[in-house]
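Working notes, beginning with the structure itself.
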Amino acid sequence: MVRNAADGQREVANLIWGMPTPLELVKGKADYGTTNIRNPQYGHWQQYRWG
């Protein structure tokens, strides 16, 4: 992605996207996000539901 930096210059940024991974699965590692939610009834995902 190309975005404007704080100094006004354009920069190329490598962004991470997805829903946050449940903490019990991250276990101290980097969280790269979850892009496949198989069970929306799982308690972790309830905070992200709408409608």
Side-chain angles (χ1 to χ4, degrees):
M1 172 179 164
V2 177
R3 64 182 179 190
N4 292 328
D7 63 3
Q9 297 293 314
R10 290 186 174 220
E11 67 180 359
V12 176
N14 185 14
L15 303 178
I16 297 171
W17 65 280
M19 298 296 286
T21 305
L23 291 177
E24 63 268 17
L25 299 178
V26 174
K27 298 178 183 170
K29 298 178 287 188
D31 182 4
Y32 293 106
T34 299
T35 58
N36 183 1
I37 301 170
R38 296 179 185 180
N39 183 2
Q41 302 307 318
Y42 178 54
H44 173 75
W45 305 119
Q46 295 299 306
Q47 63 185 323
Y48 301 106
R49 291 185 60 174
W50 62 87

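The figures that follow rest on heavy atoms only: side chains count, while hydrogens, waters and symmetry mates do not. All residue numbers refer to positions in the sequence shown, counting from 1.
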| request: Decide if atom CG of Asp7 counts as having more than 12 heavy atoms of other residues, nucleotides or ligands within a radius under 6.0 Å. | output: yes
Review point. Under a 4.5 Å cut-off applied to non-hydrogen side-chain atoms, are Asn4 and Gln9 in contact?
Key: no
Legend entry - Under 3.5 Å donor-acceptor, His44 side chain and Pro20 backbone: yes
Is the shortest heavy-atom distance from the side chain of Glu11 to the side chain of Arg3 under 4.5 Å? yes
